[in-house]
Amino acid sequence: MPVYTHPLTGLACEKDLSGVRPVSIMINNIKASLPQEGVAQADILYECLAEGGITRLMAIITDYGDVTQIGSVRSARDYYIDYANGYDCIFFHAGGSTYAYDTMSARGTDHVDGVNGPAHLYSGTGTFIRDPERLKKYSSEHTLMIQNGAGIQSAIDYYKFRTEIKEGYTTPMQFAPWGETVTGEKEAREVSVVLSNYQKVNYTYDADSSVYLRFQYDGMPHIDSTTGEQLSFTNVLLLSADCGNIAGDDKGRIWMETTGSSSGWYITGGTCTPITWKKDSYDSVMHY
């Protein structure tokens with residue numbers, strides 16, 4: 001058994017990360033922006049619907065000091081903040097909806113904004129950069145990147161954000177004893193998730209490596225251009241939640257229920273098990 005295990009992945013690690021406050025980063029996932037860079041560095045990767053049937057990703061990273069360039073970074077939605085709060089994250093984003101800004105203001109959310117933040121975060125070894133290579137090929141809204149771990153740290157230092165997990169916090173992740181495997185109730189080697197008419201996701205189990213390979217947009221392998229490899233996951237959680245269009249919103253933005261309780265599936269090892277998730281408040285951890 002290793003001396004240290006990662007609090008959000010259960011994997012062996014070289015140092016004690018149990019008291020480290022993670023960061024969360026809003027990631028562009030519209031088809032025109034692909035491929036992303038650096039998303040395979042995430043400990044946990046969330047995907048939720050946004051307006052118009054598109055999805056955004058949110059990467060959660062604990063040991064961010066050695067992170068390489070990651071992005072492209074996009075704007076916040078208020079329900080992502082609820083999920084990030086459940087891990088006590090420092091929230092990185094590039095702009096946001098009115099509802100997201102209202103939420104962050106009301107809660108005093110520790111956040112770093114790549115659109116409306118201090119200009120020096122873009123300079124030299126700052127936090128954000130408009131990638132010059134991406135500017136040659138993409139619209140500008142798909143080119144904003146977090147440069148590296150040093151850039152993340154410089155923003156945290158500038159704002160003097162707390163870097164230790166808040167007192168009394170207990171991680172929501174509970175892993176099997178080291179060396180043991182988990183087997184679900186039903187076989188699940190092919191998993192299809194229809195998020196909208198625009199975004200359909202598949203997870204295909206690779207028995208040789210015991211991971212699920214991720215495909216999106218009707219069968220396109222989801223590639224991290226930094227590694228050149230397809231995203232893969234040992235554990236997949238599919239969580240159902242009520243959502244709908246916000247009445248009167250001229251951008252077609254949606255609301256999503258992030259608290260309370262609903263159903264879902266836990267998928268691992270070519271198998272699945274029905275689960276129930278519960279989240280008591282916006283800043284509480286989610287239990288399964």
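As the structure is a computational prediction, the values presented were derived from the model and not from experiment.
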Please report the closest heavy-atom contact between [X] and [Y], naming both atoms and the distance.
{"X": "L213", "Y": "S232", "answer": "CD2-CB, 3.9 Å"}
{"X": "I81", "Y": "R107", "answer": "CG2-NH1, 3.8 Å"}
{"X": "T127", "Y": "S154", "answer": "OG1-OG, 3.5 Å"}
{"X": "I254", "Y": "L49", "answer": "CD1-O, 3.7 Å"}
{"X": "H6", "Y": "F175", "answer": "O-CE1, 4.2 Å"}
{"X": "I61", "Y": "Q41", "answer": "CG1-O, 4.0 Å"}

Fit a plane to each ring of [X] and [Y], take the angle between them on a 0 to 90° scale, and name the class: parallel (under 30°), tilted (30 to 60°) or perpendicular (over 60°).
{"X": "Y159", "Y": "F161", "value": "parallel"}
{"X": "F128", "Y": "F92", "value": "tilted"}
{"X": "Y46", "Y": "Y83", "value": "parallel"}

Supply the atom-to-atom distance [X] [atom1] to [Y] [atom2], rounded to the nearest 0.5 angstrom.
{"X": "D206", "Y": "Q230", "atom1": "CG", "atom2": "CD", "value": "9.5 Å"}
{"X": "S33", "Y": "K137", "atom1": "OG", "atom2": "NZ", "value": "12.5 Å"}
{"X": "C48", "Y": "M256", "atom1": "SG", "atom2": "CE", "value": "5.0 Å"}
{"X": "D88", "Y": "S24", "atom1": "CG", "atom2": "OG", "value": "10.5 Å"}
{"X": "I70", "Y": "I152", "atom1": "CD1", "atom2": "CD1", "value": "7.0 Å"}
{"X": "N148", "Y": "Y64", "atom1": "CG", "atom2": "OH", "value": "13.0 Å"}

Q: Can you tell me which residue pairs pass the ring-ring contact (aromatic ring centres under 6.0 Å, His included) test with a partner in residues 216-270, sequence neighbours excluded?
A: Y198-Y217

Would you indicate whether the side-chain heavy atoms of [Y] and [X] approach each other to under 4.5 Å?
{"X": "R214", "Y": "E47", "answer": "yes"}
{"X": "I267", "Y": "Y203", "answer": "no"}
{"X": "Q199", "Y": "V201", "answer": "yes"}

Q | Ion pair K15/D63, N-O distance below 4.0 Å | A | yes

**Q.** Salt-bridge present (D82, K279; N to O < 4.0 Å)
**A.** no

Consider only side-chain N and O atoms of [X] and [Y], and report whether a donor and an acceptor are under 3.5 Å apart.
{"X": "N29", "Y": "Q36", "value": "yes"}
{"X": "S192", "Y": "N202", "value": "yes"}
{"X": "D78", "Y": "Y282", "value": "no"}
{"X": "S262", "Y": "S240", "value": "yes"}
{"X": "T204", "Y": "E190", "value": "yes"}
{"X": "T268", "Y": "N235", "value": "yes"}
{"X": "T143", "Y": "E141", "value": "no"}
{"X": "R77", "Y": "S75", "value": "yes"}

Q: With side chain to side chain contact (heavy atoms under 4.5 Å, CB included) as the test, would you mind laying out the steps for R21 and I156 before giving the verdict?
A: CA-CA 11 Å; R21 188 182 188 190; I156 292 172; over 6 Å; no

Above 12 or not: heavy atoms from other molecules or residues under 6.0 Å from [atom1] of [X]?
{"X": "K166", "atom1": "NZ", "value": "yes"}
{"X": "N197", "atom1": "CG", "value": "no"}
{"X": "D157", "atom1": "CG", "value": "yes"}

Q.
Tell me every residue that passes side chain to side chain donor-acceptor pair (under 3.5 Å) with Q174, counting only those two or more places apart in sequence or in another chain.
A. none

Q: Determine, stepwise, if the pair Y205 / V191 fulfils side chain to side chain contact (heavy atoms under 4.5 Å, CB included).
A: CA-CA 8 Å; Y205 185 63; V191 179; over 6 Å; no

(Q) Using the rule side chain to side chain contact (heavy atoms under 4.5 Å, CB included), only one of I27, I223, T226 pairs with V39; which is it? (A) I27

**Q.** Residues I30, H142; criterion side chain to side chain contact (heavy atoms under 4.5 Å, CB included); working and verdict
**A.** CA-CA 9 Å; I30 194 169; H142 305 319; 3.6 Å; yes

Q. For V112 and I146, what are the C-alpha separation, side-chain angles and deciding distance, and is it a side chain to side chain contact (heavy atoms under 4.5 Å, CB included)?
A. CA-CA 11 Å; V112 181; I146 288 179; over 6 Å; no

